[in-house]
J.: 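There's a structure below that I have some questions on.
Being a predicted model, the structure only gives us computed values, none of them experimental. Remember, it's 1-based here, ligands and their atoms both numbered in the order they're listed.
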Amino acid sequence: MPVESVFSRLEPLLPSVQKPIQYVGGELNSQVKDWDEAEVRWALMYPDAYEVGLPNQGVQILYEVLNEQPGVLAERTYSVWPDLEAIMREHDIPQFTVDGHRPVGAFDVLGVSFSTELGYTNLLTALDLAGLPLNAVDRGEDAPIVLAGGHAAFNPEPIADFLDAAVLGDGEEISLKITEVIREWKREGRPDGRDGLLMRLAVSGGVYVPKFYDVSYLPDGRIQRVAPNRPGVPWQIVKHTVMDLDAWPYPKTPLVPLAETVHERFSVEIFRGCTRGCRFCQAGMITRPVRERSITTIGDMVEAGLKASGFNEVGLLSLSSADHTEIGEVAKGLADRYEGTQTSLSLPSTRVDAFNITLANEFSRNGRRSGLTFAPEGGSERMRKVINKMVSEDDLIRTVTTAYENGWRQVKLYFMCGLPTEEDEDVLAIAGMAKRVIQAGRDATGSRDIRCTVSIGGFVPKPHTPFQWAAQADHETVDRRLRALRDLLRNDKQYGRAIGMRYHDGKPSIVEGLLSRGDRRVGDVIRKVWEDGGRFDGWSEHFSYERWISKANETFEDTPVSLDWYTTREREEVEVLPWDHLDAGLDREWLWQDWQDATDESVEVEDCRWTPCYDCGVCPSMSTEIQIGPTGKKLLPLSVVSSG
Ligand code: SF4
């Protein structure tokens, strides 16, 4: 059936909205494939504004992987701002893709990548604008399969009612497998309709179909069990792990945004996974094991990606990029290649203990030595032991001294507030560290023109981490500690003016906590917040704590659960957690032991890249292994690149 573009109806309305260019598509390297020639059609959504969504690596990778397939079409859709939403409702324009401006409801799959739970209300806007019932069970035979991925999909229970399916882990291979299942089902004449397709996906064990699972509860509100409600559906759903990153060198042709976006560079993921063992870090836990991309593939990707896009900045991405076994060679090789050109390199995440000044110098060869960022995460030594972030203050001071000696003038330090066992003095210790950093800079340079910015985020306990059982700190405690720290810094005559402090109040973290560790009963809160106008909850100017609190109280009234029950309550080992049937590979007993070890000062978990395996469970259960170099390979010299 022909599907018409909505652009002719949309275009005349765009002059009346903010940043209309974000809705027009046609970016360099975007694609519009023939609708009728495609057998399987994906709409890929990042549930935030274009400026945040366009650079998202996950969406860009799947967009290319899927579009490379014959008979498969993928287009992108982003959240529309409330001004356009109102106009679309008035003029009956559905949620559309920015590529072909096709209605999202006409696709086979709406794949939504959730980096954060604060995008959930935006999912509901998109579904509603697309003309799709919010609840999966109400959707018609021809409606797209609404499929969630991304880190938040490791506990999709709060949005389970709105989803047809969810996948855990790396998307490259599973998106193609899902495509094949859909293709086959369509070719066979759609046997057993929509449920027939969902059943085919569910029995594979790699796709979670929430409606095929029933959740029962104990009288006190805890979950009794989560069980499949039809034969053939597995008890556990496993995550997907791409084991050869070199075989998937995407994005090859990065999208070049038309409107301003949060990152305007070509990003190459240099490895996936992290085994440092920071107990708060969900990304590190759920992406294990470490798999490196080889130095030569990185070099080839940088060369091809720059040529295809014209970007003049390359970001080497990963959870802790300085930990790549050949990062020194990668940095030197790329810096040599692009020396004297407009191309600059960046290493978005730098660890104090992996920092090496030679490396930082290589990265700044074509750029400015403006700022360096480190993340000690905890202000006191005791706190850093609890979170297993084994960085001493002396290490940090040594590192920043070297940095200042080498021409850097600004250091940014990241911390969290509200960590398990935290006391006021752990947060106030941040001030002492920042002052030492400034003094180290003054001593190293003889100048008073030294700056340090302290950035603090509220800690949210996340599923599949050792802190998944922890009580989240209430926002009053977090706010009180942050205010005390701010006052301490402000009132310091010697250093106060050299130290900047950036923080948010603790309220959004409580909502994030509800959505992160919530179960299916939280879905009603999300729906009510959305019905009341909740949109773009990741944006402080749109977020309303009062709205979330009032809807949570309304929903949980006369039930054994409450906002506090989901957030500030510590869980016991025996409690069934909402995500226990979703297998990230981590051994539950290991996670529990690590949670107990958090308060035992003698226990330090080393990185299994360099020390023996400590049996977190991922490698044997997922049939994976750590893949690291060195490969001993070198990048090609500049002359080869410039001759192309
Ligand atoms: S199973 Fe062992 S080697 Fe694999 S990630 Fe866990 S601790 Fe590391």
J.: Would you mind checking which non-hydrogen protein atom is closest to atom 6 (Fe) of ligand 1, with the distance to 0.1 Å?
T.: C616 SG, 2.4 Å
J.: Please check if the side chain of R384 supplies one atom and the backbone of S392 the other of a donor-acceptor pair under 3.5 Å.
T.: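 Between the backbone of S392 and the side chain of R384 there is no qualifying donor-acceptor contact (under 3.5 Å).
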J.: Quick check against the 3.5 Å criterion: does N388 have a side-chain atom that pairs as donor or acceptor with the backbone of A598?
T.: no
J.: Would you verify whether the NZ or CZ of R76 falls within 45 degrees of the ring axis of Y63 while also being under 6.0 Å from that six-membered ring's centre?
T.: yes
J.: Report the part of C619 in contact with ligand 1, treating N, CA, C, O as backbone and CB onward as side chain, heavy atoms under 4.0 Å; options are side chain, backbone, both, neither.
T.: both
J.: Do any of the N, O or S atoms of C613 sit under 2.8 Å from atom 2 (Fe) of ligand 1?
T.: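 Yes, since at least one N, O or S atom of C613 sits under 2.8 Å from atom 2 (Fe) of ligand 1.
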J.: Nearest protein heavy-atom contact for atom 8 (Fe) of ligand 1: which residue, which atom, what distance?
T.: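 Result: C608 SG, 2.3 Å.
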J.: If we ignore angles and hydrogens, is there a donor and acceptor under 3.5 Å between the side chains of T325 and E292?
T.: yes
